[in-house]
Amino acid sequence: MVVNRGIGRVSMFLLVVVVLGFFFASYNMIAMVIHHRRKGTDKGLHTVAGGRSSKFIDAITEMPDSLKKHDGAKALFHVALTATDAPYSQWQCRIMYYWYKKMKDGPGSEMGGFTRVLHSGSKDDLMDEIPTFVVDPLPPGQDRGYVVLNRPWAFVQWLQKATIEEDYIMMAEPDHIFVNPLPNLARGEYPAAFPFFYIKPNENEKLIRKFYPEEKGPITDIDPIGNSPVIIKKSQLEKIAPAWMNISLRMKEDDETDKAFGWVLEMYAYAVASGLNGVTHILRKDFMIQPPWDLEIGKKFIIHYTYGCDYNMKGELTYGKIGEWRFDKRSYLRGPPPKNLSLPPPGVPESVVTLVKMVNEATANIADWEKDK
C-alpha cells in the first residue's frame, strides 16, 4: 500500500465536521438507549447466541457448562488497542494505560503485555510512555471519513508483524478504564465478548445475508457484539482479522448497509467475520459498564465512557441535553481535560462518580499531563 504520511494541521472546517459527526452519532446513540429503556429491556437484556434465546440472569451466558469453571492455570492475554496520534486519542490512551498498570498485578488478574497499535503511519510523542507498534493507515480516502475502518487493518498488520508472547489477545479501546483486575474470560476456543443491545443481527438479516450467505448457517450464529472488548485466542484472531477488514470495507461500499449500520458498521463486520470462521463468543454482561446508563460498578471490569454524562444540580440525568454538570470526552477534542475535574453533584450514580475520580487520579499522576494544552 502507498500511504501518505504527511501530517498537516487540522483545518477549522474539518474540526467542525468532526464535532458535528460526534454530536449526531452521540445523539442517535442516546436516542437508541432511551428507546431501549422505555421498552423495559433494561430490566433484563435479551439476546440470541448459538441459536437459542437467553436472558442475562447471571454474568455468563450461553457458555457450555463444561467451560464455566477455570482449570486454575493462568492464561495471560495481551491488551491491544488501536489509536491515532490526534490529541483526543492520545489523552484517552494515557489514562487507559495508567489504569492498566494499576490493575495488571492485582488479585485475579491475567493481564499480560500491552500495545497501543498506532495507525497514523509514523511515531508520535507517546512512544516512550506507552508501548506502541506503528502501522500504516488505509490509503487516503479509503475510509470515506469513517476513521474506525482503520481498526481492522491495524490489527491485520500488527498480527502479521509483531512478536506477541501471549496466546490470548484482548482488544480494547482508548476510552476504556480498568476498574478491577481482569482475568481471562475466554475459555479455550470460546472467546469472551460484551453483548451490545443495539447490535441486532436478527433484525438486519437482509443486510447481513449480503456478507453471510445462507449456506454458512442461521443468522443466530452471528453474535450481538463488536470487536471490543473481546478476549480471544491469537490464532483465532489471525484468521478473523483479514475477513473483518474486508467485510468492513465491503459494508462501507454498500450504500444500503452503510446507511443502516452507520457508526456501528465495523462492529457488525467483526461479528459477521467471526461467524464466517465458526467462532462463537461467550457473552459477558459483566465485562464492562457504560455510564450514565449503568449505575453501579460492582464486580464489573471496565468503565467505557463513550456517552456524555449530563446532570442538573439535583443529580438528575438530563438525557442528551447539556447539563449544569457534565463530563463528556468530546468536550476535549483538541487537548486533554484539565486536572482535578469537579465531582458530580449529590445523587449522581456511583458509576459516574467513580469515572471522574479515576480520571482525576490518572491526570494527577501522569507526568506532563497538560503539555499539549
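All heavy atoms count here, side chains included; hydrogens, waters and symmetry mates do not. Remember, it's a predicted structure, so these values are computed and weren't measured experimentally.
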Could you go through F301 and V179, starting from their C-alpha distance and side-chain angles, then the distance that decides it, and tell me whether this counts as side chain to side chain contact (heavy atoms under 4.5 Å, CB included)? CA-CA 5 Å; F301 299 106; V179 70; 5.5 Å; no
Would you sort out whether I302 and I289 count as a side chain to side chain contact (heavy atoms under 4.5 Å, CB included), showing the intermediate values? CA-CA 6 Å; I302 294 170; I289 62 169; over 6 Å; no
Could you please spell out the steps behind the side-chain hydrogen bond (donor to acceptor under 3.5 Å, both in side chains) verdict for Y305 and D328? CA-CA 8 Å; Y305 56 99; D328 187 340; over 6 Å; no
Could you walk me through whether D124 and Q90 satisfy the side-chain hydrogen bond (donor to acceptor under 3.5 Å, both in side chains) test, starting with their C-alpha distance in whole Å, then the side-chain angles of each, then the deciding distance to 0.1 Å, before giving a yes or no? CA-CA 9 Å; D124 67 359; Q90 287 183 322; 3.0 Å; yes
Start with the C-alpha distance between T115 and T132, add both sets of side-chain angles, then the distance that settles side chain to side chain contact (heavy atoms under 4.5 Å, CB included), and finish with yes or no. CA-CA 5 Å; T115 300; T132 299; over 6 Å; no
Is there a side chain to side chain contact (heavy atoms under 4.5 Å, CB included) between E189 and K233 once you walk through the steps? CA-CA 7 Å; E189 299 300 316; K233 270 192 169 182; 2.9 Å; yes
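Heavy-atom minimum distance, I231 versus P183: CD1-O, 3.9 Å. The two residues P338 and E370 come nearest to each other via the heavy atoms CA-OE2, 3.4 Å. In plain terms, the two heavy atoms of P213 and R209 that are nearest each other are O-NH1, 3.3 Å. Scanning both residues, A83 and C93, for their nearest heavy atoms gives CB-SG, 3.6 Å. Between R187 and N184 the shortest heavy-atom distance is NH1-O, 2.8 Å. Listed here is the closest heavy atom pair of L249 and Q142: CD1-NE2, 3.6 Å.
Residues W99 and H176 have side chains not in contact (no heavy-atom distance under 4.5 Å, counting atoms from C-beta outward). Counting heavy atoms from C-beta outward, Q157 and D136 have side chains that approach closer than 4.5 Å. In this structure the side chain of I303 reaches within 4.5 angstrom of the side chain of I297, judged on heavy atoms. Using a 4.5 Å heavy-atom cutoff, the side chains of M96 and E173 are not in contact. Contact annotation: the side chain of T220 approaches that of P218 to within less than 4.5 Å [non-hydrogen atoms, C-beta and beyond]. Looking only at side-chain heavy atoms (C-beta outward), D167 and F77 stay at 4.5 Å or farther from each other. Taking the side chain as every heavy atom from C-beta outward, E110 and Y168 never approach each other to under 4.5 Å. The shortest distance between side-chain heavy atoms of I225 and M267 does not fall below 4.5 Å.
Counting heavy-atom neighbours within 6.0 Å of K216 NZ, excluding the residue itself, gives a total of 12 or less. Residue-environment remark: CD (E296) stays at or below the threshold of 12 foreign heavy atoms within 6.0 Å.
The hydrophobic clustering, which links ILVMFWY residues whose side-chain heavy atoms are closer than 4.5 Å, places I95 and L118 apart. Hydrophobic clustering, with ILVMFWY side chains joined whenever heavy atoms are under 4.5 angstrom apart, groups V117 together with M171. The same ILVMFWY cluster, assembled from side-chain heavy atoms under 4.5 Å apart, contains both I219 and Y198. By the criterion of side-chain heavy atoms lying less than 4.5 angstrom apart, applied directly or through intervening Ile, Leu, Val, Met, Phe, Trp or Tyr residues, W293 is grouped together with F194 in one hydrophobic cluster. When the side chains of ILVMFWY residues are joined at heavy-atom separations under 4.5 Å, either directly or via intervening members, V135 and M127 end up in two distinct hydrophobic clusters.
The line from CD1 of I177 to CD of Q92 is 9.5 Å long, rounded to the nearest 0.5 Å. The structure places CZ of F178 at 10.5 Å from CE of M358, a figure rounded to the nearest 0.5 Å. In this structure, the separation between OG1 on T84 and CZ on R116 is 9.0 Å, given to the nearest 0.5 Å. Rounded to the nearest 0.5 Å, atoms CG (L355) and CG (L341) are 9.5 Å apart. Between the CG atom of N246 and the CE atom of M251 there is a distance of 12.0 Å, given to the nearest 0.5 Å. Taking CG of D221 as the start and OG of S274 as the end, the distance is 11.5 Å to the nearest 0.5 Å.
Here E253 does not pair with R144 in a salt bridge; the nearest charged N to carboxylate O distance is not below 4.0 Å. A salt bridge links D310 with R326: at least one charged nitrogen is closer than 4.0 Å to a carboxylate oxygen. Using a cutoff of 4.0 Å between basic side-chain nitrogens and carboxylate oxygens, D175 and R330 are not scored as salt-bridged. Ion pair R151/E266 flagged as a salt bridge, since at least one NZ, NE, NH1 or NH2 atom sits closer than 4.0 Å to an Asp/Glu carboxylate oxygen. A salt bridge links K210 to E256: at least one charged side-chain nitrogen sits closer than 4.0 Å to a carboxylate oxygen. Remark: D286 does not engage K300 in a salt bridge, criterion side-chain N to carboxylate O under 4.0 Å.
Looking only at distances, no side-chain donor or acceptor of S89 sits under 3.5 Å from a matching main-chain atom of D85. Not one N or O on the side chain of N202 forms a donor-acceptor pair closer than 3.5 Å with the backbone of E205. Remark: the backbone N or O of K200 is paired with a side-chain donor or acceptor of N204 at under 3.5 angstrom. Of the possible polar contacts, none joining the S248 side chain to the L149 backbone as a donor-acceptor pair under 3.5 Å is found. When atom types are taken as modelled, the side chain of D143 and the backbone of G145 share a donor-acceptor pair closer than 3.5 angstrom. Side-chain atoms of S120 never come within 3.5 Å of backbone atoms of S122 as a donor-acceptor pair (strictly under, hydrogens ignored). Looking at E324, its side chain never comes within 3.5 Å of a backbone N or O of Y311 through a donor-acceptor pair. Between the S351 side chain and the P349 main chain, no donor and acceptor come within less than 3.5 Å of each other. For N150 (side chain) and P137 (main-chain N/O), no donor-acceptor pair under 3.5 Å exists by modelled atom type. Distance alone, capped at 3.5 Å, places no donor-acceptor pair between the W153 side chain and the H119 backbone.
Residue Y270 forms a ring-ring contact (aromatic ring centres under 6.0 Å, His included) with just one option from W244, F261, F211, F155, and that option is W244.
K357 pairs by the side-chain contact (heavy atoms from CB on, under 4.5 Å) definition with L343, V353, not counting sequence neighbours.
Using bins of under 30°, 30° to 60° and over 60° for the plane-to-plane angle, the ring pair W263/Y146 lands in the perpendicular bin. Relative orientation of the Y97 and F114 rings is tilted, given thresholds of 30° and 60° on the angle between their planes.
Inspection of the E361 and Y98 side chains reveals an N or O donor paired with an N or O acceptor under 3.5 Å. Using a 3.5 Å distance cut-off with no hydrogens or angles, the side chains of D294 and Q290 do not pair a donor with an acceptor.
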